[in-house]
Amino acid sequence: MGQKQRVEWIDIAKGLGIILVSFGHLSNGDGQAVWLPVLGGLIAAIYLFHMPLFYFLGGLTFSRRGGFKAFLARKAKTLLIPYYIFSLYFIAKPLAVILIPSLSSTFHSSHDYGNAGRQLFKVLIMGDGLWFLMAFFVGEIVMYGLTSLFETTFSRGGGIALWRSADCVRLC
C-alpha cells in the first residue's frame, strides 16, 4: 500500500490552529488578556473555534488503516507519549510535595498542593494539563469503534469531521 500524500491546505490550517492556540494563551486561566488587554476581544473570538478546528481537521484525516492494534500503537505514539512527556511539567510540583512535604509552603501559586496525590491523578489519569491530547486520543478510539460499526458513506471524510467538531463543542 502506497504512502498517501499530505494535503497542503490541511497542514496550513493545522499550523494556523497551533498559532491561534499559542496566541490564545496570552490570556490567563480566567480568560483575561493580562499580557495584552487590548486584544481581549480577539482572544475571546479565537476561543470560539480554535479547538473545534483541530477536531474538524482530525476528522478529515481520520484513518483506521492497519487494524486496531496498529491504530492504537500509532495513536499512543502520536498522542499519549507527547501527553505524558509534557505532563511532566504539570506534575513536577505535586510530585515534589509528595516526596518532600515541607516544600508545599514554599510554592507561591494559586494551586493547592496540599493534596498532591489528587493532582497527580487528575493529570496522569483524568487528562488535566494538556487535556486536548488526551481528549483527542479518546475521540480517536471512539471514532475507530463507531466507524467499524457503521461502514457507510457518512462515516468517511467530512461526515466524521462534522461529527467530531460537534463532540469538541460539547467537550470544550
Side-chain angles (χ1 to χ4, degrees), residues 6-63 75-97 104 107-116 118-144 146-147 154-172:
R6 299 184 69 89
V7 179
E8 187 176 348
W9 73 266
I10 293 176
D11 288 340
I12 292 169
K14 285 180 180 179
L16 179 62
I18 290 168
I19 291 168
L20 292 175
V21 166
S22 300
F23 186 77
H25 280 90
L26 290 174
S27 66
N28 64 11
D30 297 328
Q32 300 167 340
V34 294
W35 295 101
L36 298 168
V38 71
L39 297 177
L42 180 59
I43 291 171
I46 289 169
Y47 266 82
L48 291 174
F49 70 89
H50 74 292
M51 296 313 279
L53 173 67
F54 282 112
Y55 273 78
F56 178 78
L57 296 170
L60 286 177
T61 58
F62 179 81
S63 171
K75 296 305 168 183
K77 179 181 172 188
T78 59
L79 296 170
L80 289 185
I81 290 174
Y83 173 81
Y84 284 110
I85 289 172
F86 286 108
S87 289
L88 293 175
Y89 170 80
F90 294 101
I91 65 169
K93 284 183 180 179
L95 195 55
V97 169
S104 180
F107 291 137
H108 301 287
S109 172
S110 62
H111 293 288
D112 175 22
Y113 291 108
N115 193 344
R118 182 172 182 260
Q119 192 153 5
L120 285 174
F121 175 78
K122 285 173 60 177
V123 171
L124 296 176
I125 306 300
M126 298 305 294
D128 276 12
L130 294 175
W131 64 269
F132 170 75
L133 292 175
M134 185 67 80
F136 200 80
F137 175 78
V138 170
E140 291 279 297
I141 301 303
V142 169
M143 286 309 300
Y144 188 96
L146 290 174
T147 58
F154 178 76
S155 70
R156 303 252 187 253
I160 292 174
L162 293 174
W163 192 351
R164 295 201 52 191
S165 295
D167 285 344
C168 181
V169 169
R170 285 193 298 271
L171 290 173
C172 297

Quiz item: To the nearest 0.5 Å, what is the distance between CZ (F62) and CG (L146)?
Solution: 9.0 Å
Quiz prompt | Interatomic distance, L133 atom CG to F86 atom CZ [nearest 0.5 angstrom] | solution = 8.5 Å
Quiz item: Does the side chain of W131 come within less than 4.5 Å of M51's, by heavy atoms?
Solution: yes
Exercise. Dump the intermediate steps for side-chain contact (heavy atoms from CB on, under 4.5 Å) on L80 and K75, then the final yes or no.
Key: CA-CA 7 Å; L80 289 185; K75 296 305 168 183; over 6 Å; no
Quiz item: With a 4.5 Å heavy-atom cut-off, do V142 and F137 have their side chains touching?
Solution: no
Practice problem: Output the distance between atom CD1 (I141) and atom CG (L79), rounded to the nearest 0.5 Å. | Solution: 9.0 Å
Self-check item: CA sep, side-chain torsions, deciding dist, call: L57, W9, side-chain contact (heavy atoms from CB on, under 4.5 Å)
Solution: CA-CA 10 Å; L57 296 170; W9 73 266; 4.3 Å; yes
Self-check item: Nearest-0.5 Å distance, CG of residue L53 to CG of residue L48
Solution: 13.0 Å
Self-check item: Least distance between heavy atoms, K77 atom then P82 atom
Solution: O-CD, 3.4 Å
Practice problem: Decide yes or no on side-chain contact (heavy atoms from CB on, under 4.5 Å) for E8 and D11, but give the supporting numbers first. | Solution: CA-CA 5 Å; E8 187 176 348; D11 288 340; 5.7 Å; no
Quiz item: Is the closest side-chain heavy-atom distance between T61 and K14 below 4.5 Å?
Solution: yes
Practice problem: Could you tell me the separation between the OG atom of S63 and the CD atom of E140, rounded to the nearest 0.5 Å? | Solution: 9.5 Å
Quiz item: Nearest 0.5 Å, what's the CZ-CD1 distance between R6 and I12?
Solution: 11.5 Å
Quiz item: With under 30° as parallel and over 60° as perpendicular, where do the rings of F132 and F136 fit, or are they tilted in between?
Solution: tilted
